[in-house]
Amino acid sequence: MASMEGDTAPLFRLPEELLEIVVEQALADSVPAAVLLETCRRFARITRKLYYARIKYGGAWASYIKLVDLLETRPDLQELVKDVTLRPVINRRDSTAEACAHSATIRVFDLFPSLKILRITDASPKEVAQILARPPGPVHPPLQRIAIHPPLQHVAIELPAGNWRRFSELCWWEALARFPDLGELTLLGTAFPWRNEGVRADPGERSQAPAMPQGLHTLTIQYVAPPTDGAAAFADDLPALTNLALADEESMVSRWLSIAPLSLTRITLDFTTHDVEPGELAQQLGRFPRLQHLRLVHNFKLHDLVPFLRTDKLRHLELHYDTTGDLTDDLDTLLDLICGPDRIRHLQSINLGSDTDLCETGYEDLEEYLCDAIKGTDDMTLAEIKSEFDPFHGQSVEENIRRLVEGAHANGIKIAGHTLRAVDWERQFEDMVERHFVEHALATNDYTILRRQYGKKGAIEAIRRQRPLLAAMLSGDGS
């Protein structure tokens, strides 16, 4: 292997940015970092930069101490860290230990001066306060450094949601205001049955309102009940907030929307249950005069939001379903909105997506079933596989989806999303089956099954479609 800084291989003629992509992909493909570090000095530098950019600090005692010792002896590595996940440290050395807590001595902002993203998991409010509110300053040798604030841009905190109900109880909140570059905050709560869900915030109440991070533009809140104090401060003192993402029961989402800043331009809603009156969420969304982008995820009722969708505010609508088949529940509503006599004319784009692309169980399972069926190692027939993986479960909805696409185009609306690929499910399935038959024949050098499926002439055409270059070379037309 080369050990010089400037290797003459063609790969090393690439600019640094492209080499970083190469190394990043190699690490993602489980190429050991040790191998890349020994390739050459240039690869070693890039590997070290990427490998230490994101670390987990805490966890099992042995690995935690090993990392601490490494950072103490290699202060140059501290500068490379950009993204840290703080986890509780298992205090006892034996494997049966249950006692764990966040390190009481961690000075994360001193240890990682280039830190941009901080994630705090499994921490009590007191521990979060200790981590965030700890003033920067010199730490124990050999980690002495100048007291500076890192360029922190995103903080994500995992909260025990049942343990707090008021902003004033979050003693760490004001500590966030001292990071001028902080633009994104994520609060991840643990849903407890004893959450105080019945107590609503007074929209005008400002008691003990915390200092808000003035530069905050993106806020994500999952399974955290709205506070019962400081509602007015939350609504008025986040002038830069434009992006709000909420995940919870409808009632919790509605309460957050009722006190959210009116500056919002993009809202993402992910519901776990439906427990509000029809029309309530549409009314809450109507509060925001600048709202242009609405993203609905998973368990939503599009019909209940039609009154808001018919206003002239929204420009971009994104619907993300659990499965492609769930789109069928909203087709009539979408067709009325896009193609009906009172069709909406202000939308510029619609995106239709789902967690599972086309098939409920995903392409990998489908591919595996097809391989087994062609090899004869599975009892399912191709017809049974097709029916099993049909994203619309045999419903004839292709024509309605085509109408939806044509209606959107006629109104000047860009419509996209991989869910639309289901329109060609029949063709895609037949193409996938043909590809597997051809691959099996070429891999085994046995064309019996391929000819049995398509006939001699059909088998030749299948090879030409699936392997055009190979077919051209065999026929003498390839170069």
Side-chain angles (χ1 to χ4, degrees), residues 247 249-250 253 268-276 278-279 281-282 285 293-310 314 316-344 347 349-367 369-370 380 382-411 413-433:
E249 302 169 355
E250 276 188 339
V253 168
T268 298
L269 304 179
D270 185 352
F271 305 112
T272 57
T273 60
H274 302 289
D275 58 348
V276 301
L281 288 172
L285 290 171
H293 192 135
L294 176 64
R295 185 171 188 259
L296 303 175
V297 182
H298 299 141
N299 187 26
F300 55 86
K301 291 183 178 180
L302 186 65
H303 185 269
D304 289 348
L305 300 177
V306 166
F308 169 72
L309 297 176
R310 289 200 183 281
L314 208 61
H316 308 282
L317 177 63
E318 188 174 349
L319 307 177
H320 191 93
Y321 298 92
D322 286 317
T323 69
T324 300
D326 292 338
L327 172 62
T328 58
D329 296 334
D330 291 332
L331 267 179
D332 289 341
T333 300
L334 285 169
L335 283 168
D336 183 55
L337 288 170
I338 302 302
C339 309
D342 297 324
R343 61 183 180 271
I344 52 179
L347 273 183
S349 71
I350 298 177
N351 190 284
L352 304 173
S354 67
D355 285 348
T356 58
D357 201 4
L358 285 181
C359 313
E360 279 197 19
T361 52
Y363 265 118
E364 291 184 3
D365 287 342
L366 174 56
E367 300 263 4
Y369 272 103
L370 287 176
M380 289 186 72
L382 293 177
E384 289 171 336
I385 294 174
K386 182 179 179 180
S387 175
E388 177 73 18
F389 285 87
D390 183 346
F392 294 119
H393 308 291
Q395 300 180 66
S396 299
V397 298
E398 289 84 354
E399 182 57 34
N400 282 340
I401 294 180
R402 288 192 180 92
R403 285 180 54 207
L404 178 65
V405 173
E406 291 170 359
H409 290 163
N411 282 328
I413 300 173
K414 295 179 180 178
I415 186 166
H418 58 248
T419 298
L420 299 178
R421 294 169 53 197
V423 175
D424 296 323
W425 164 247
E426 294 265 352
R427 181 192 60 78
Q428 291 181 58
F429 182 79
E430 296 303 328
D431 180 73
M432 193 179 301
V433 169

Practice task
Flag yes if more than 12 heavy atoms outside H303 fall under 6.0 Å of its NE2 atom; otherwise flag no.
Solution key: no

Completion exercise
Those residues at least two apart in sequence (or on a different chain) that pass side-chain hydrogen bond (donor to acceptor under 3.5 Å, both in side chains) with D329 are none

Completion exercise
Closest non-hydrogen atoms of H316 and S349, given as atom of the first, atom of the second and distance, are ND1-OG, 2.7 Å

Exercise for the section: Specify the closest pair of heavy atoms between L404 and L335, including all atoms of both residues, with the distance to one decimal. Expected result: N-CD2, 3.7 Å

Completion exercise
Applying side-chain hydrogen bond (donor to acceptor under 3.5 Å, both in side chains) to D304 and not counting sequence neighbours gives none

Problem - Test item: side-chain donor near acceptor, N299 and H274, under 3.5 Å - result: yes

Problem - Whether D275 side chain and E250 backbone form a donor-acceptor pair below 3.5 Å - result: yes

Problem - Validation row: F300, L269 side chains within 4.5 angstrom (heavy atoms) - result: no

Exercise for the section: Taking the side chain as every heavy atom from C-beta outward, state whether L334 and N400 have any atom pair closer than 4.5 Å. Expected result: no

Completion exercise
Scanning both residues in full, the closest heavy-atom pair of V306 with T333 reads CG2-CG2, 3.7 Å

Problem - Any L366 side-chain heavy atom under 4.5 Å of F429 side chain - result: yes

Practice task
Determine the minimum heavy-atom distance between N411 and I344, stating which atoms define it.
Solution key: ND2-O, 4.5 Å

Exercise for the section: Kindly write out the residues that satisfy side-chain hydrogen bond (donor to acceptor under 3.5 Å, both in side chains) with H293, not counting sequence neighbours, or none if the list is empty. Expected result: R266, E318

Practice task
Find out whether I350 and I338 are in side-chain contact, i.e. whether some heavy atom of one side chain is under 4.5 Å from a heavy atom of the other.
Solution key: yes

Exercise for the section: Might you confirm whether atom OH of Y369 has over 12 heavy atoms from other residues, nucleotides or ligands at distances under 6.0 Å? Expected result: no

